[in-house]
There are 2 protein chains.
Amino acid sequence: MSIKVTMKDIAREAGVSIATVSHVINGTKHISENKRKLITNVIEKYNYVPDTRAKSLRNAVTKTAGLVVSVFPDSYVTGIVNGIGKRARELDYHLLFINTNEDYDYEKESIKLLSSNIVDGIILTPSEMNLGYIQKYMKKGLPIIQAIRYDPNIPRLPRVTADDFQAGYDATKHLLQHGHRKIGVIISRTNITPTIERIEGYKAALTEYNIPFDEGLIESGFATEKNALIATKKLLNREKEITALFVLSDLMTIGAMQAITELSLKCPDDIALIGFGDFAGAAITNPPITNVSLSAETIGRTAFDVLLNKINNPGYDKHIQIPTSLMIRKSCGC
Amino acid sequence: MSIKVTMKDIAREAGVSIATVSHVINGTKHISENKRKLITNVIEKYNYVPDTRAKSLRNAVTKTAGLVVSVFPDSYVTGIVNGIGKRARELDYHLLFINTNEDYDYEKESIKLLSSNIVDGIILTPSEMNLGYIQKYMKKGLPIIQAIRYDPNIPRLPRVTADDFQAGYDATKHLLQHGHRKIGVIISRTNITPTIERIEGYKAALTEYNIPFDEGLIESGFATEKNALIATKKLLNREKEITALFVLSDLMTIGAMQAITELSLKCPDDIALIGFGDFAGAAITNPPITNVSLSAETIGRTAFDVLLNKINNPGYDKHIQIPTSLMIRKSCGC
DNA sequence: TAGGAATTGTTAAACGTTTTACCAAAAATA
DNA sequence: TATTTTTGGTAAAACGTTTAACAATTCCTA
């Protein structure tokens with residue numbers, strides 16, 4: 001395809017050996033000022049760049065990390081990917097980014113590709129709690145960590161997540177303190193750890209107030225605003241005594257708010273609302289939305305550091321939880 | 001790092017030559033049923049995956065495309081990246097994604113990395129209209145195309161963009177039809193083609209109404225909500241006769257809306273507003289925001305196809321413009 | 001002036017594939 | 001039976017680097 005200039009060509013034109021060129025490029029040996037200048041000039045002239053494949057084939061390091069993300073791209077994930085990218089750059093790594101779009105088979109394919117020695121390690125947001133297939137890669141010694149979500153059944157696989165239990169607990173408690181007793185919950189996917197743990201937090205708060213957990217107050221839809229709109233309408237039509245809503249995902253918060261409006265209800269007077277994640281504009285909706293704030297960039301940066309730990313120390317297997325905070329605005333009735 | 005299993009290991013264990021293993025894997029030659037089974041079993045057993053570097057080093061194809069994006073991650077860019085990713089997957093390509101975060105030097109570094117034979121081609125969103133450095137890579141025959149923005153001074157470099165001129169024209173005309181005559185403009189960066197062309201469209205619409213273009217009605221800030229808030233306040237405080245605002249970028253629309261609120265003005269009564277791009281939630285702000293809708297996914301998919309054209313036909317150099325549409329809601333006063 | 005250190009550079013093997021050319025054995029043909 | 005064809009398989013070169021081991025100069029030092 002491209003017209004290729006190799007180290008051999010540079011060496012020939014400069015009248016030196018291939019090894020000398022390599023040493024000049026990498027500074028691995030002292031080369032006289034004369035030759036060095038001569039060689040760098042030729043390199044400049046041809047705008048020569050060493051072949052990364054050959055390089056990493058030879059020295060077994062790629063300086064590239066794989067990033068496989070499974071999530072519908074809401075601003076939370078964007079923020080995390082950004083944090084990972086920034087940290088990677090700081091440490092002179094490159095990222096091979098793949099978005100699996102919640103497709104389990106594509107996820108498996110992607111891990112297979114990345115396992116073919118083109119990356120030093122992988123950060124994975126699993127699409128399912130079904131990571132059995134990953135064990136064979138772990139056995140091969142491929143450094144992998146989980147971010148955002150994880151499969152609790154796989155031991156020794158590090159995790160970086162938000163403190164989802166605490167987040168669910170805090171938000172629910174806030175609504176309880178406002179006097180709400182029937183709190184509806186809108187979730188995206190049921191079978192992923194953030195959802196599960198946030199609901200655990202929700203239950204824990206209810207328990208403190210001696211309120212029994214009611215399965216019927218939970219309604220789900222997949223990720224999008226539209227699905228949240230549908231789910232919220234369904235829930236509010238079914239459970240008339242609900243006075244507050246807790247929405248577990250960014251984009252869905254918007255859909256829930258739309259549903260409230262379309263049902264001619266007022267937020268927070270008829271229905272209070274707490275959302276999750278910091279989507280741009282939470283502050284200028286009508287009313288401004290109170291939400292659980294997740295430090296996306298911090299999660300991303302931490303994930304990258306954890307991957308590096310895993311690479312350098314194969315035994316590393318911690319679960320790091322990043323704290324969340326409640327951004328109080330108007331939709332909760334404060 | 002990883003415990004490596006190579007083709008040699010597979011061959012040894014199966015008692016065949018390395019070449020036979022390769023032929024079984026790639027189906028490049030007919031191998032007897034016996035040996036084939038034998039070999040695939042060993043491959044299964046070790047979960048062997050061929051080394052992509054060695055493979056592509058040998059056959060000069062990577063099946064990987066580079067994607068270098070320069071833009072602050074608003075939902076528009078997310079959508080485009082997603083479109084590119086989907087199309088790439090359909091065509092069995094992988095993406096090496098790099099976000100330069102508007103950093104010109106990092107952009108140059110990234111192109112250099114990607115030019116080292118690790119990708120078949122590159123989709124670039126330039127951070128500046130200063131792409132002179134790209135010519136040496138073009139000369140080497142590296143397939144490159146521009147998306148979202150472009151440098152008009154570089155010939156023969158394909159482009160995929162929104163129809164920014166038309167978009168600027170349409171939105172402005174809509175405001176003019178509502179009777180507005182002093183229309184303020186909030187922009188992000190002045191020196192990128194989308195801004196320039198949208199303003200050209202704005203001017204063209206004004207000309208139709210015999211309104212002279214007034215430089216003083218334009219105010220800029222960089223990308224974020226906060227900057228838009230500051231810029232909008234500054235503009236509205238300076239130019240008291242403004243009755244409508246045209247905001248040229250996603251996140252900034254939100255900041256502009258906040259500014260209007262903070263100045264105790266009513267939208268659309270005191271100040272009408274038209275934004276750009278489809279950020280999640282445009283429909284539930286107060287009031288819902290009228291905006292120019294850009295088909296992000298289409299732009300992304302098209303960009304990937306254009307890159308493939310460029311790869312297969314080095315002479316390809318079209319500029320493809322994807323149409324936009326005006327989503328009319330309440331903020332324009334309709 | 002001999003001998004050891006620096007200094008500067010090169011040779012060649014290795015990394016893990018693909019593929020051309022070649023070969024042996026079995027099958028088909030005359 | 002002798003010859004050709006087909007089938008199934010392999011040896012080895014090549015892709016573009018890095019680096020250990022070695023070699024040739026020049027420079028000191030006693």
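Residue numbers start from 1 in every chain, and the chains themselves are labelled A, B, ... in the order their sequence lines are given, proteins ahead of strands.
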Donor-acceptor side-chain pairing of Ser127(A) and Glu102(A) below 3.5 angstrom:
no
Hey, are Arg87(A) and Glu90(A) close enough for a salt bridge, meaning a charged N less than 4.0 Å from a carboxylate O?
yes
In terms of ring plane angle, is the pair His319(A) and Tyr150(A) parallel, tilted or perpendicular, where the classes change at 30° and 60°?
perpendicular
Given Glu128(B), which partner from the list Lys108(B), Arg149(B), Arg189(B) fulfils the salt bridge (charged side-chain N to carboxylate O under 4.0 Å, His left out) test?
Arg189(B)
Hey, are Glu13(B) and Lys8(B) close enough for a salt bridge, meaning a charged N less than 4.0 Å from a carboxylate O?
no
What does Ser22(B) touch in the nucleic acid at a heavy-atom separation under 4.0 angstrom: a base, only the sugar-phosphate, or nothing?
base
Give me the residues of residues 48-58 of chain B where at least one heavy atom lies under 4.0 Å from an atom of DNA chain D, by number, or none.
Leu57(B), Arg58(B)
Take nucleotides 7-12 of chain C nucleotide by nucleotide from the 5' end and write B, S or -, depending on whether a protein heavy atom sits under 4.0 Å from the base, only from the sugar-phosphate, or from neither.
-SBBB-
Not counting sequence neighbours, which residues clear salt bridge (Lys or Arg N to Asp or Glu O under 4.0 Å) with Asp51(B)? List them please.
Arg53(B)
Could you list the donor-acceptor pairs under 3.5 angstrom formed by side chains in residues 26-37 of chain B, with sequence neighbours left out?
from: Asn26(B); atom 1: ND2; to: Ser22(B); atom 2: O; distance (Å): 3.0
from: Asn26(B); atom 1: ND2; to: Ser22(B); atom 2: OG; distance (Å): 3.4

Chain A vs DNA chain D, heavy-atom contacts under 4.0 Å, first-to-last nucleotide span, 5' to 3', is dG16(D) to dA21(D)
Output all residues satisfying ring-ring contact (aromatic ring centres under 6.0 Å, His included) with Tyr104(A), sequence neighbours left out; order by chain, then residue number.
Tyr133(A)
Regarding Asp103(A) and Asn101(A), do their side chains bring together a donor and an acceptor under 3.5 Å, going by distance alone?
no
Glu44(B) atom CD: more than 12 heavy-atom contacts under 6.0 Å:
no
